[in-house]
Amino acid sequence: MSKKRLWITRRLSDATLERAARDYDVVINHEDTPGTAAELIAASADFDAIIPCHSEHFSADVVSQFSNRLKIVANHSVGVDHCDIPALNAGGITVTNTPDVLSDATAELAMLLMLGAARNAVAGDRIVRTGQWDSWSPAFMVGKQVTGARLGIIGMGRVGQAFAQKARGFGMQVNYYNRRPLAPDFERGAVYHETVESLLAVSDFLSLHCPATPETVDLLDGERFQMLPKGAVVVNTARGALVDEDALIAALDSGHVSAAGLDCFKVEPGGNPKFSSYDNVLMLPHIGSATRQTRDAMGFRALDNLDAFFAGQTPKDILTK
């Protein structure tokens, strides 16, 4: 029996590529550049399956031009805001993602951003690195203490829960907003808030872990930033669409938000150059899941979904809307 043809749109981990080459007739984009709309349309006629990342965009317009050969899009990501799932499903295409396996890595990075933003990591690194550290006093580089502080989490899914677990190690008081409250065994003492507004009022530190949807675009806007306690620290390792970046800059300028840690931006790659002059904004280039173990696990999870699909089974991570 001939192998199914598979297109892998980006350079995945070596272990993933080796397994894919063993089990599929695979074409790999070794140039590691995002797949264009034209390439996706052409691939739909040449391949039975695609493993894309969030850098490839399966809009309704693109999907409407697909051939009927393509049967499954097995995303190498948890977030699927780059996929019009109803359009793909309507075209007879199964869609999967890779949950669970990147929760700890992303939560680790959120902790890094929270601590670094709170403790002046950007400014401190700069003055040492540039030879400007020539004095000290008790008032020097005073930051905001994390231990025992009130933490607000928006989105208490797998990553949010992993972040809450790590925050408890610092004795933080965990509060959260979610579409529905968690069972007590999953809450582990965290306090549920029925509204975002209620959560913001008790969030000395606020961390975003919810998906980007039409309802969550600019979830944090000018009005909501003002609902935070003065001097709050904001962390975003979810999606750039969740934050009104101009409103965040205004909140930083006023001092109402004392610092921010950002791993994602409205424009990616590239980020927002307006943040570059702010020493109280710690920025990373969307690398929340970028550990070797997690990249292997994500690739294997995508391949597990493909294997199940082509074996006539329901993939573990099938998505429908």
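Quick note: numbers below take in every heavy atom, side chains included, and nothing from hydrogens, waters or symmetry partners.
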I'd like to know if the side chain of N97 and the backbone of V78 have a donor-acceptor N/O pair within less than 3.5 Å.
yes
Side-chain contact test, heavy atoms from C-beta onward, threshold under 4.5 Å: evaluate it for R188 versus Q165 and give yes or no.
yes
Between D48 and K71, does at least one N-O distance fall below 4.0 Å, as a salt bridge requires?
no
Can you check side-chain contact (heavy atoms from CB on, under 4.5 Å) on F225 and L248, steps first, answer last?
CA-CA 7 Å; F225 279 122; L248 175 55; 3.7 Å; yes
Taking atom CZ of R119 as the centre, does the number of heavy atoms from other residues, nucleotides or ligands within less than 6.0 Å exceed 12?
no
Using a strict threshold of under 4.0 Å (side-chain N to carboxylate O), is an ion pair present between R239 and D263?
no
Any sub-3.5 Å donor-acceptor pair from T216's side-chain atoms to T213's backbone N or O?
yes
Would you say W7 and L70 are hydrophobically clustered, going by side-chain heavy atoms of ILVMFWY under 4.5 Å?
yes
Other residues, nucleotides, ligands: >12 heavy atoms within 6.0 Å of F140 CZ:
yes
Can you check whether I41's main-chain N or O pairs, donor with acceptor, with Q65's side chain at less than 3.5 Å?
no
Considering only heavy atoms from C-beta outward, does the side chain of F309 approach that of T314 to under 4.5 Å?
no
Do F310 and L6 have side chains that get closer than 4.5 Å, going by heavy atoms?
no
Treating Ile, Leu, Val, Met, Phe, Trp and Tyr as nodes and any side-chain heavy-atom pair under 4.5 angstrom as an edge, say whether I153 and V191 lie in one connected cluster.
no
Once the angle between the rings of H57 and H82 is folded into 0 to 90°, is it parallel (under 30°), tilted (30 to 60°) or perpendicular (over 60°)?
perpendicular
Quick one, I154 with L206, criterion side-chain contact (heavy atoms from CB on, under 4.5 Å). Give me CA distance, side-chain angles, the key distance, then yes/no.
CA-CA 8 Å; I154 297 181; L206 179 70; 4.0 Å; yes
Under 3.5 Å, is there a donor-acceptor pair between the side chain of N75 and the main chain of S77?
no
Find the distance between CG (L200) and CG (L228) and round it off to the nearest 0.5 Å.
5.0 Å
Check this for me: does any side-chain nitrogen of one of D46 and R69 sit under 4.0 Å from a carboxylate oxygen of the other?
no
D244 bridged to R224 by N-O distance under 4.0 Å
no
When you measure from the side chain of S44 to the backbone N and O of F66, does any donor-acceptor pair fall under 3.5 Å?
no
How long is the gap from CG on N120 to NZ on K144, to the nearest 0.5 Å?
12.0 Å
Before giving the answer on side-chain hydrogen bond (donor to acceptor under 3.5 Å, both in side chains), spell out for Y176 and E187 the whole-Å C-alpha distance, their side-chain angles and the decisive distance to 0.1 Å.
CA-CA 9 Å; Y176 75 100; E187 277 190 336; 2.5 Å; yes
If hydrophobic clusters are built from ILVMFWY residues whose side chains come within less than 4.5 Å, do F265 and L109 share one?
no
Applying side-chain contact (heavy atoms from CB on, under 4.5 Å) to D253 and Y278, what does each step give before you reach the verdict?
CA-CA 9 Å; D253 286 340; Y278 288 80; 2.6 Å; yes
Decide yes or no on side-chain contact (heavy atoms from CB on, under 4.5 Å) for L219 and C210, but give the supporting numbers first.
CA-CA 10 Å; L219 176 71; C210 58; 4.0 Å; yes
Check whether any side-chain N or O of E56 sits under 3.5 Å from a backbone N or O of C53 as a donor-acceptor pair, and report yes or no.
yes
Measure the spacing between CE of M298 and CG of D296 and express it to the nearest 0.5 Å.
11.0 Å
For the residue pair D84 and S59, what are the closest heavy atoms and their distance?
CB-C, 4.2 Å
Can you check whether A290's main-chain N or O pairs, donor with acceptor, with T294's side chain at less than 3.5 Å?
no
Counting C-beta onward and ignoring hydrogens, is there a side-chain heavy-atom pair between I72 and L306 closer than 4.5 Å?
yes
Flag yes if L220 and L199 sit in one hydrophobic cluster, no otherwise; membership is Ile, Leu, Val, Met, Phe, Trp, Tyr, and two members link when side-chain heavy atoms are under 4.5 Å apart.
yes
Please check if the number of heavy atoms outside Q132 that lie under 6.0 Å from its CD is greater than 12.
yes
May I ask you to say whether D317 pairs ionically with R301, meaning some side-chain N is under 4.0 Å from a carboxylate O?
yes
Within a 6.0 Å radius of atom CD on E268, are there more than 12 heavy atoms belonging to other residues, nucleotides or ligands?
yes
Please report the closest heavy-atom contact between K230 and S254, naming both atoms and the distance.
NZ-O, 3.8 Å
Under 3.5 Å, is there a donor-acceptor pair between the side chain of W133 and the main chain of S135?
yes
Looking only at heavy atoms, which two atoms of R295 and S13 are closest? And how far apart?
O-OG, 4.0 Å
If you measure from the Lys or Arg side-chain nitrogens to the Asp or Glu carboxylate oxygens, is any gap between K4 and D307 under 4.0 Å?
no
Could you pull out the closest heavy-atom pair between N175 and H193, with the gap in Å?
OD1-NE2, 3.1 Å
Below 4.5 Å, heavy atoms only, C-beta onward: do M156 and Y177 meet side chain to side chain?
no
Do the side chain of N236 and the main chain of A238 share a donor and acceptor less than 3.5 angstrom apart?
yes
Are R292 and D14 close enough, and set up right, to give a salt bridge (charged side-chain N to carboxylate O under 4.0 Å, His left out), and what steps lead you there?
CA-CA 10 Å; R292 183 173 293 106; D14 289 344; over 6 Å; no
Give a yes or no on whether F47 and V62 share a hydrophobic cluster (residues Ile, Leu, Val, Met, Phe, Trp, Tyr; joining criterion: side-chain heavy atoms under 4.5 Å apart).
yes
Do R10 and P34 have side-chain heavy atoms sitting under 4.5 Å apart?
yes
How far does OH of Y192 sit from CG of L182, to the nearest 0.5 angstrom?
9.0 Å
CG/D32 to CD1/I8 distance, rounded to the nearest 0.5 angstrom?
11.5 Å
Is there side-chain contact between R129 and I127, with heavy atoms separated by less than 4.5 Å?
no
L12 backbone acceptor or donor facing T16 side chain under 3.5 Å
no
Establish, yes or no, whether a centroid distance under 6.0 Å links the rings of F163 and H209.
yes
Minimum heavy-atom separation for T9 to P52, with atom names?
OG1-CA, 3.3 Å
Please give me the minimum heavy-atom distance between I93 and N89, naming the atom from each residue.
O-ND2, 3.0 Å
E245 vs K274 side-chain heavy atoms within contact, under 4.5 Å:
no
Pi-cation contact, F300 with R19 (under 6.0 Å, within 45°):
yes
Measure the spacing between NE2 of H286 and CG of L262 and express it to the nearest 0.5 Å.
12.0 Å
